[in-house]
**Student:** 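Structure in structure tokens, see below.
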Number of protein chains: 2
Amino acid sequence: MSAVAEIVHQKKFKYHHGDLRSALIEAALAVLREKGMDGLSLRVLAKATGVTQAAPYSHFRDKDDLLAAVAETGFQRLALQMAEEATGRNSVQERIEKLMAAYVRFAVANKPLFQLMFSRELAVMKDYPTLAMTAGKSYALISATLSKRQASAEDTRFLTVMIWSLCHGLTTLIVDEKIKLEQFGAANIDAFIRRTVAPFSGELV
Amino acid sequence: MSAVAEIVHQKKFKYHHGDLRSALIEAALAVLREKGMDGLSLRVLAKATGVTQAAPYSHFRDKDDLLAAVAETGFQRLALQMAEEATGRNSVQERIEKLMAAYVRFAVANKPLFQLMFSRELAVMKDYPTLAMTAGKSYALISATLSKRQASAEDTRFLTVMIWSLCHGLTTLIVDEKIKLEQFGAANIDAFIRRTVAPFSGELV
DNA sequence: CAGTTAATCTTTGCACCGTTTAGTTATCCG
DNA sequence: CGGATAACTAAACGGTGCAAAGATTAACTG
């Protein structure tokens, strides 16, 4: 397919509004950033994109379906930032540290989005297979790094779950302000993470 | 105040319904168990307790205030189960294992209640100081156990946060079905937890 | 190019929700 | 006993997700 045909083909998705589906997701991200999850309703998204309240139902089967799409872009960004921050680091331990730090940093910088990504509404991901796949990218990054060690596949899988649990637990507790990093002298996240990973130095070859 | 006066004084709180406040909390726990968080509305609680929809506002300033009260009983039960499961264990490592296992077990057995306890609505606990205090009991149990080691207070505080993060992260991932324990051969939770804590055996003196 | 098809969007309306207000009733206390 | 007050009722407001039916318009087809 030529580049022009590509554009024409895309135009297929621009009926009345232009690209309402993308516009809704973008609007949701904006509302999320400014008002948090509570301010996120289909009606405000419809108003923000200049359509009536029922229009979104042409693109999403229900509200959760839209939220899943928004969360998916969140998981994509998260995986991207993790991958970026870990590039160039060859030591397994250092890579793990960077992956975890990126995870925490993303959550702190995009608090409402992070809350949506792990919200109760989307908890049952089997209803949203593509979301589950995208969310799995973060897991895959950790798993791939740990695979570089000389250990059995089963051991890698277990340690991945451990590191992920630690990372995710730490992050949620920080986001919910149940932990304040300042209490630990570690002004920046990296120092705190380094200390967190230290007990595993033996496992990380 | 005599025992009789005590009862009379309590009766002061039983005007029309009897004890609507407690009844609402109990009804909430029942609805939570049967229908999950989504089915939990003030109106169904009012109907369940045989009052009109505005009655709860005599006892709770708003819905979140009621949810906080429900969550508080949840945190009390959690701390109780953790304490019970850890009694009689003298080794620090064994106590930590039991505390963590109890945490996971409670969450799995009371999934919707656990979700409520760590829900977005109640995340800002500074609005609910008594809730924060009760929630702190679980933290205190871990902290107290780790204090038995010979280490600085600062070290204890850090390790407590680590263990708690690991425990909480693991639990939420299990509750949200992102981890399936069966994948690790560990049929029961205890075996899995033991393996999880193993890397810390050096730290746990 | 003209007519059909089918997707997008609007209109309207339902049921439910949290919350507020004003009024009623039962209990407490002097 | 009689006023004060807390607990509750009745009614209503604005907001929500969602479904059904109709209008509009872009895209496909002969």
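Letters go in sequence order (proteins before strands), and every chain restarts at 1. No experiment lies behind these values; they were computed from the predicted model shown.
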**Student:** Find the distance A:Y57:OH to C:dT10:C1' and express it as a whole number of Å.
**Tutor:** 15 Å

**Student:** Taking the six-membered ring for Trp, are A:F184 and B:F158 parallel (under 30°), tilted (30 to 60°) or perpendicular (over 60°)?
**Tutor:**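 Perpendicular, since the angle between the ring planes exceeds 60°.
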
**Student:** To the nearest Å, how far apart are A:K47 NZ and D:dT16 C1'?
**Tutor:** 13 Å

**Student:** Is the closest side-chain donor-acceptor distance between A:S152 and A:E154 under 3.5 Å?
**Tutor:** no

**Student:** Could you tell me the separation between the CD atom of A:Q53 and the C1' atom of D:dA20, rounded to a whole number of Å?
**Tutor:** 13 Å

**Student:** Taking atom C1' of D:dC18 as reference, at what distance in whole Å does atom CZ of A:R61 sit?
**Tutor:**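 About 14 Å, once rounded to whole Å.
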
**Student:** Rounding to a whole Å, what distance do you find between B:L45:CG and D:dC8:P?
**Tutor:** 14 Å

**Student:** Atom CD of B:E121 and atom C1' of C:dG18: how far apart are they, to the nearest Å?
**Tutor:** 13 Å

**Student:** How do A:T52 and B:D64 order along DNA chain C: which one's closest nucleotide is nearer the 5' end?
**Tutor:**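 Counting from the 5' end, the first nearest nucleotide belongs to A:T52.
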
**Student:** In whole Å, what is the span from the CZ atom of A:R43 to the C1' atom of D:dA19?
**Tutor:**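 After rounding, the reported distance stands at 12 Å.
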
**Student:** With a 4.0 Å limit, can you tell me whether A:S58 has a side-chain N or O closer than that to the phosphate oxygens OP1/OP2 of C:dC9?
**Tutor:** no

**Student:** Please tell me which of the listed nucleotides, C:dT19, D:dC8, D:dG17, lies nearest to the side chain of B:L20?
**Tutor:** D:dC8

**Student:** Can you tell me which nucleotide in D:dA11, C:dG13, C:dT10 comes closest to the side chain of A:A54?
**Tutor:**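 From the listed options, C:dT10 comes nearest.
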
**Student:** Rounded off to whole Å, could you give me the CG-to-P distance for the A:D65 and D:dC18 pair?
**Tutor:** 10 Å

**Student:** Which nucleotide in the set D:dT9, C:dG18, C:dT10 lies at the smallest distance from any side-chain heavy atom of B:A55?
**Tutor:**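 Out of D:dT9, C:dG18, C:dT10, the nucleotide with an atom closest to B:A55's side chain is D:dT9.
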
**Student:** Judged by atom type as modelled, is there a donor-acceptor pair below 3.5 Å linking the side chain of B:R195 to the main-chain atoms of B:F192?
**Tutor:** no

**Student:** Is it true that A:D190 and A:K98 make a salt bridge, defined as a side-chain N closer than 4.0 Å to a carboxylate O?
**Tutor:** yes

**Student:** Counting only side-chain N and O atoms of A:H59, is one of them less than 4.0 Å from OP1 or OP2 of C:dC9?
**Tutor:**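 Yes, within the criterion.
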
**Student:** Think A:S41 has a side-chain N or O under 4.0 angstrom from the OP1 or OP2 of D:dT16?
**Tutor:** yes

**Student:** Does B:S119 offer a backbone N or O that forms a donor-acceptor pair with the side chain of A:R120 under 3.5 Å?
**Tutor:** no

